[in-house]
Every structure is written in structure tokens, then in C-alpha cells.
Engineer: 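This structure is in C-alpha cells; I'll ask about it shortly.
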Amino acid sequence: MRFSTPYWASTASLPPFSPLSHDLEVDVVVIGGGMTGLSAAYLLKRAGHRVAVLEQDRCAAADTSCTTAQLTCVTDLPLTILASRF
């Protein structure tokens, strides 16, 4: 399996965030700044909740950076076998 860095991940300029310097009072804490965590935080914030997102690294740097905007499918058989049958 080959690994490549998505174009956006190597060229995007994301703002740096410092560690928390003081206590926060929020309604919801989202652990993880990937696609799921940021989507949840956005929707919760839009619904009027006070939200904090905790991320140990750069947002969208782990699994999300390797899956965003890529087509994926889950099948019981490898795609090569399925393709050979049609």
C-alpha cells in the first residue's frame, strides 16, 4: 500500500493553537479535531452550545487527512474480483 500526502494537507495554512492557558466553562467538550469531531462541534455551536475542541496535534491531521474527498467503498470481496465478474 502506498501512502501519499493529500495536496490540501501539505499546502493548507491552518492557524496554530496554543495549549489552554486557563480554565474554560463550556457545555460540551469534543475530543478530537478530525472530520467527525469538528462537524459535531460546529453543529453543537450552531445549536447554541458552548463548545471546546481538544486536539493533541493539528486539526484534521490524522485519519481525516487521508480520507477527505476520497471515494471509499466497503465490499465483501476485493474490487478486482468484483470487476472481473462484470
Engineer: Quick one: salt bridge (Lys or Arg N to Asp or Glu O under 4.0 Å) pairs with a partner in residues 27-37, sequence neighbours left out?
Structural biologist: Asp27-Arg50
Engineer: Name all residues meeting the side-chain contact (heavy atoms from CB on, under 4.5 Å) criterion together with Leu43; count only those two or more places apart in sequence or in a different chain, and write none if there are none.
Structural biologist: Arg46
Engineer: Backbone N or O of Ile81 within a donor-acceptor pair of the Ser84 side chain at under 3.5 Å?
Structural biologist: yes
Engineer: Leu38: what forms a side-chain contact (heavy atoms from CB on, under 4.5 Å) with it, not counting sequence neighbours?
Structural biologist: Val53, Cys59
Engineer: Of all residues at least two apart in sequence or in a different chain, which pass the side-chain contact (heavy atoms from CB on, under 4.5 Å) check with Leu24?
Structural biologist: Leu20, His22, Val26, Ala52
Engineer: Under the salt bridge (Lys or Arg N to Asp or Glu O under 4.0 Å) rule, what pairs show up with a residue in residues 8-23, not counting sequence neighbours?
Structural biologist: none
Engineer: Taking all non-hydrogen atoms of both residues into account, name the closest pair between Gly37 and Val30 and its distance.
Structural biologist: O-CG1, 3.4 Å
Engineer: If I take atom CG from residue Leu82 and atom CG from residue Leu77, how far apart are they, to the nearest 0.5 angstrom?
Structural biologist: 5.0 Å
